[in-house]
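Everything below concerns the one structure shown next.
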2 protein chains.
Amino acid sequence: MTRDVKEIFGSPVGSLAAKVRTLAPSMTRSMQRVAEAVANDPAGCAALTVTGLAELTGTSEATVVRTARLLGYPGYRDLRLALAGLAAQQQSGRAPAITTDIAVDDPIADVVAKLAYEEQQTLADTAAGLDTAQLGAAVGALTGARRTDVYGIGASGLVAQDLTQKLLRIGLIAHAHSDPHLAVTNAVQLRSGDVAIAITHSGSTGDVIEPLRVAFEHGATTVAITGRPDSPVTQYADHVLTTSTSRESELRPAAMSSRTSQLLVVDCLFVGVAQRTYETAAPALAASYEALAHRHRTNPR
Amino acid sequence: MTRDVKEIFGSPVGSLAAKVRTLAPSMTRSMQRVAEAVANDPAGCAALTVTGLAELTGTSEATVVRTARLLGYPGYRDLRLALAGLAAQQQSGRAPAITTDIAVDDPIADVVAKLAYEEQQTLADTAAGLDTAQLGAAVGALTGARRTDVYGIGASGLVAQDLTQKLLRIGLIAHAHSDPHLAVTNAVQLRSGDVAIAITHSGSTGDVIEPLRVAFEHGATTVAITGRPDSPVTQYADHVLTTSTSRESELRPAAMSSRTSQLLVVDCLFVGVAQRTYETAAPALAASYEALAHRHRTNPR
DNA sequence: TCACGGATGAAAGATATTTTCGGTTCGGTG
DNA sequence: CACCGAACCGAAAATATCTTTCATCCGTGA
């Protein structure tokens, strides 16, 4: 046979349409119909069986197989796999382009995509902007602390609790305070060697600044986790950990991205401390996991 | 026009590895072997027939088909097509970034980078795996609810509180419960038209399942947010929202990524509800922002 | 130890793909 | 105009592949 059949299985599939055009002249009428269908709608054809494609093009299975052969595949099965790949590439090629704000009439799928994208963005920004020296210093302070108090209100209060839960798990003594009065009352107890952490996005939440100030004045090592590195809270902070602030919109208040950002910082603190106290932290983590096992119903299998 | 660009043939293609991770715990040993082979080498497996893959993994055809089913495909044939698509994407697109686990002696900068990367991964996986139909249904239920109760314990308890805070801000009546007894006591009060949401990564936390069951039996619409779509909690859930499970390591327990995942789902719920009740939600959001203004010290430049 | 329930694979059954083969069309030819 | 041959085409048989069923096996808990 003089025509040189080039093996394209495993080579870029993007040339399929071109190949169809090249080979079209040497095809019989029915084969052209099949080839055309395949070139026009790879994804759709990938979903069809030989019989289906034969019916769609008004031809027979044999013709479909012959066409597949002509296009360089061992049979229809392999053409179909290649089509699936092509379809996937086309799909992924289309950039989601989710740069716009979330709109009131966005379908739910868009909401998911946009939120996920924005939170990813927030994480990247936070990681990029985080001062590792400050972080390291904060970790150092936590590692040697006699006790640690964490202040946060509203959404930041949950982050404070999250940090506290984690620190407790590795054997540190930590408390979260969201009641301003109790926070101050406790802050008075702190002294050198203790750590106080304030979490506030705006950096100007009085109820959180106040206990930090008291802790600061009593000699505790103070840390601020805030999105505004020039805000009042930093005034009383030995170490400032900056969270990133992303675009906010009406349907996505700042609290949402700041929470993501704060949690990343908190996780970094936790892992940092766990590293430095690995000898005690690892068994403590294992133990707390163990202790909870019986609270879970037997796993179905 | 369908907005689900990730979907081909009804199954998300981009998240296969994530899906394997999510479902792995509920798989039998042999099925895990098959799933692992598929996740490790999509391209290679796409070239194999059922029999071939069965031999490769040392199992039987039946097991391969069962695994394909579990992964959400009608049969092996469709899994194979999806694999071909995945392979094409991987080959053409970016090489999948491989990160190592966080090690005890990683410098702090690496810790930040790895954590941020893994959380981003978790977000992407969650978004890809989230069933928008279920999400939409849950949003619909929340929108018309007389009242909403949210159950969560430990880290999930914080997520429950986060959701509650948000819903309250847009004028819904919502409560978070982390005390199992109080939760059940309150669940008894629920009736048709009310909504109960259980948040549990393992899906088998008895203290969270119990109130959901009670709510379910009293006619409330029930929602489960869990990383195990086949776990006991789903038994009493009208709508199941699946969070993704990422690789966990000693220094990065599962709780960390599950929290990220859960929060994304919660945010989606919130935004969804806010969209549908925009007329009342927007002013409510503005009002709550307004009310807090005086609690912040005047902002310095 | 035994009984039980789920996990597993061998083989039967169903479907899809490939091959075979004979009918049909079409252009050329006597 | 009748005939011939070659290529085209599709129905159906043959084969490969996938799916389902069912008996066995294995681990588990009493």
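Sequence lines set the chain letters: A, B, ... in the order given, protein chains first and strands last, and positions in each chain run from 1. Values reported hereafter were calculated over all heavy atoms of this structure, with side chains retained and with hydrogens, waters and symmetry mates removed. Nothing here was measured: the structure is a model prediction, and the numbers come from that model.
Distance Tyr73(B) OH to dT19(D) P: 14 Å, rounded to the nearest Å. If you measure from atom OH of Tyr76(A) to atom C1' of dA16(D), you get 16 Å, rounded to the nearest angstrom. Separating the CZ atom of Arg77(A) from the P atom of dT17(D) is a distance of 5 Å, rounded to the nearest angstrom. Between Leu53(A) atom CG and dT15(C) atom P there is a gap of 20 Å when expressed in whole angstrom units. Atom-to-atom, CG of Leu79(A) to P of dA16(C) comes out at 17 Å; the value is rounded to the nearest Å. We find that CG of Leu48(B) is positioned 13 Å from C1' of dT17(D), with the value rounded to whole Å.
The pair Arg213(B)-Glu210(B) meets the salt-bridge criterion, since a charged nitrogen lies less than 4.0 angstrom from a carboxylate oxygen. In summary, Arg259(B) and Asp267(A) engage in a salt bridge, as defined by a charged side-chain N under 4.0 Å from a carboxylate O.
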Polar atom pairs between nucleotides 8-11 of chain D and protein, under 3.5 Å, N or O only, would you list them?
| residue | atom | partner | partner atom | Å |
| --- | --- | --- | --- | --- |
| dC9(D) | OP1 | Ser30(A) | N | 3.3 |
| dC9(D) | OP1 | Ser30(A) | OG | 2.5 |
| dC9(D) | OP2 | Thr28(A) | OG1 | 2.3 |
| dC9(D) | OP2 | Ser30(A) | OG | 3.2 |
| dC9(D) | O5' | Ser30(A) | OG | 2.8 |
| dG10(D) | OP2 | Ser60(A) | N | 3.4 |
| dG10(D) | OP2 | Thr63(A) | OG1 | 3.1 |
| dG10(D) | N7 | Arg66(A) | NH2 | 3.1 |

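With Ser261(B) contributing its side chain and Ser257(B) its backbone, the two residues share no donor-acceptor pair below 3.5 Å. Counting only distance, with no hydrogens or angles, the side chain of Thr234(B) and the backbone of Ala237(B) share no donor-acceptor pair below 3.5 Å. Here the side chain of Thr63(B) pairs no donor or acceptor atom with the backbone of Ser30(B) at under 3.5 angstrom.
Comparing dT19(C), dT19(D), dT17(D) against the side chain of Val65(A) picks out dT19(C) as the nearest. In this structure, the nucleotide among dT18(C), dT17(C), dC18(D) sitting nearest to the side chain of Arg80(A) is dT17(C).
With Val150(B) as reference, Ile199(B) is the one residue of Val266(B), Val159(B), Ile199(B), Val223(B) to meet the side chain to side chain contact (heavy atoms under 4.5 Å, CB included) rule.
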